[in-house]
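Quantities reported herein were computed from a predicted structural model and do not represent experimental measurements. All chains are named by letter (A, B, ...) in the order of the sequence lines, taking the proteins before the strands, and each is independently numbered beginning at 1.
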Amino acid sequence: MLPIALGKATRIVDVLLKAGKEYVALMHLHKEIDENKIRKTIEREFIGKIQQLPPIRSAVKRQLRQREVYYLEILEIDGQEVLFKVGCQAGTYIRKICHDIGLKLGCGAHMVQLLRTKAGPFQYHDWKSLHDLKDAYEDWKEGREEEIRKVILPIEKAVCHLPKIWVLDNCVDSLCHGADLSIPGIAKFNDFSEDETIAIMTLKDELISLGIAVEDSSLIMKKEKGRIVKNHKVFMERGVYPKFKVA
Amino acid sequence: METLLPFEKVERKTHVKKQAETDYGYGKKPEERSVEELIHYGVINLNKFCGPSSHQISDYVQKILGIQKAGHSGTLAV
């Protein structure tokens with residue numbers, strides 16, 4: 001699967017790059033190995049924090065780095081073929097996991113096929129094809145918009161996995177101009193910790209911007225002023241909400 | 001086995017700092033956007049199998065919708 005962001009929403013893909021992923025992968029072992037040994041090795045060595053050397057052809061610097069595997073479930077073992085589902089931190093190389101499982105088992109292994117089944121809030125069970133998009137677009141041109149609304153989702157869908165802060169109408173425009181968010185502008189909030197990426201929303205649930213928390217959310221109830229979120233990427237256009245005039 | 005990513009396990013509670021109303025004269029709820037607005041400010045959960053690259057797929061999407069810009073969330077990190 002491949003979440004695509006359109007037009008002014010394009011920059012939202014950064015948030016998906018950093019989100020957790022799930023894949024279904026088919027691994028081929030170079031020799032037949034006892035099933036129990038496969039299961040035990042994977043359970044013991046490949047779930048939790050793992051050390052990984054990015055592959056030769058990769059977009060990042062080639063040095064050992066730690067990645068977290070949240071779960072790895074074997075779906076089927078058929079002779080030398082192992083089908084598994086893995087949930088992992090962004091930037092985990094599944095091809096490398098297969099290679100490393102082969103090394104640990106002493107038989108060698110490689111990845112045959114890979115399918116992404118989750119990217120942050122996007123899941124395989126509601127994905128759409130290019131054909132769906134084309135058909136829905138034609139439908140819309142002919143006056144029916146039901147299908148295209150199922151294919152193209154509001155940008156807010158891409159941030160539904162993040163903690164949120166909802167702000168007062170009168171501070172929306174200053175956020176659109178890039179100002180940071182302070183306690184007086186906050187109406188509602190989810191819990192978050194320092195350094196987390198936060199989606200800043202209007203009370204109509206529109207995305208305004210993404211920011212980085214500079215404080216823990218517990219501070220919001222304790223204090224009446226102070227900066228909480230450093231504004232990072234603005235999505236809402238300026239002027240949608242009025243400029244706040246001091247009375 | 002429970003197969004949930006960390007954020008899927010978090011139950012997010014919403015706390016109220018200040019009771020406030022929003023003025024419906026400005027902005028609009030995401031579900032009230034027009035299709036034109038969505039085409040220039042939306043996301044698609046597209047499936048991708050082998051074959052065309054992520055870049056080519058973004059191109060196809062741009063052509064189908066007649067827009068100048070569409071971005072994908074990275075090649076499959078293999």
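In this structure, the portion of Tyr137(A) lying under 4.5 Å from any heavy atom of chain B is its side chain and not its backbone. Interface remark: Asp191(A) contributes backbone and side-chain atoms alike to the contact with chain B (heavy atom separation under 4.5 Å). Using a 4.5 Å cut-off between heavy atoms, Lys157(A) contacts chain B through its side chain alone, with no backbone atom that close. For Glu21(B), the part lying under 4.5 angstrom from a heavy atom of chain A is the backbone only. Contact of Glu36(B) with chain A is made through backbone and side chain together, with heavy-atom distances under 4.5 Å. With a threshold of 4.5 angstrom between heavy atoms, Phe7(B) approaches chain A through side-chain atoms but not through N, CA, C or O. With a threshold of 4.5 angstrom between heavy atoms, Ala5(A) approaches chain B through its backbone and through its side chain. For chain B, the nearby part of Lys85(A) is the side chain; its heavy atoms alone come within less than 4.5 Å. Heavy atoms of Leu168(A) lying under 4.5 Å from chain B belong exclusively to its side chain. The contact between Glu31(B) and chain A is made entirely by backbone atoms, counting heavy-atom distances below 4.5 Å. For Ile67(B), the part lying near chain A is the side chain, with the backbone staying farther off; criterion is any non-hydrogen pair under 4.5 Å. Residue Cys98(A): no heavy atom, backbone or side chain, is found under 4.5 Å from chain B.
Formation of a donor-acceptor pair under 3.5 Å by the Asp173(A) side chain with backbone atoms of Gly239(A) is found in this model. The backbone N or O of Gln123(A) lies less than 3.5 Å from a partner atom in the side chain of Asn45(B), making a donor-acceptor pair. Panel note: side chain Asp100(A), backbone Ile97(A); no donor-acceptor pair is recorded below 3.5 Å. Put simply, the side chain of Arg65(A) never gets that close to the backbone of Gln52(A): no donor and acceptor are under 3.5 Å apart. Under a 3.5 Å cut-off, the side chain of Arg33(B) and the backbone N or O of Tyr41(B) do not form any donor-acceptor pair. Under the 3.5 Å distance criterion, the side-chain polar atoms of Gln89(A) are matched with a main-chain donor or acceptor of Glu68(A).
By the 4.0 Å N-to-carboxylate-O rule, Glu32(B) lies too far from Lys204(A) to be salt-bridged with it. Ion pairing of Lys223(A) with Glu215(A) is absent here, as no side-chain N (NZ or NE/NH1/NH2) approaches a carboxylate O to less than 4.0 Å. Ion pairing between a basic and an acidic side chain is recognised when a charged N comes within 4.0 Å of a carboxylate O; Arg144(A) and Glu138(A) show no such pairing.
By the 4.5 Å heavy-atom criterion applied to side chains, Leu2(A) and Ser54(B) are counted as neighbours.
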Is there a side chain to side chain donor-acceptor pair (under 3.5 Å) between Asp169(A) and Thr22(B) once you walk through the steps? CA-CA 6 Å; Asp169(A) 282 4; Thr22(B) 182; 2.9 Å; yes

Run the side chain to side chain contact (heavy atoms under 4.5 Å, CB included) check on Glu76(A) and Ile74(A) step by step: do they pass? CA-CA 6 Å; Glu76(A) 205 183 321; Ile74(A) 296 175; 6.0 Å; no

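Looking only at heavy-atom pairs under 4.5 Å with chain A, the residue among Val16(B), Thr14(B), Leu38(B), Thr3(B) that has the most is Thr3(B). Taking Gly20(A), Ala158(A), Gly87(A), Pro163(A) one by one and counting their heavy-atom pairs under 4.5 Å with chain B, the maximum is reached by Pro163(A). Here Trp140(A) is the residue among Tyr124(A), Phe192(A), Trp140(A), Trp166(A) with the most heavy-atom pairs under 4.5 Å with chain B. Listed options Leu16(A), Thr202(A), Asp126(A) were ranked by heavy-atom pairs under 4.5 angstrom with chain B; first place goes to Asp126(A). When the candidates Arg149(A), Lys21(A), Glu145(A), Met236(A) are compared by the number of heavy-atom contacts under 4.5 Å with chain B, Arg149(A) comes out ahead. Here Ile152(A) is the residue among Ile186(A), Asp205(A), Ile152(A), Ile148(A) with the most heavy-atom pairs under 4.5 Å with chain B. Chain B forms the most heavy-atom pairs under 4.5 Å with one residue out of Glu73(A), Glu22(A), Arg11(A), Lys164(A), and that residue is Glu73(A).
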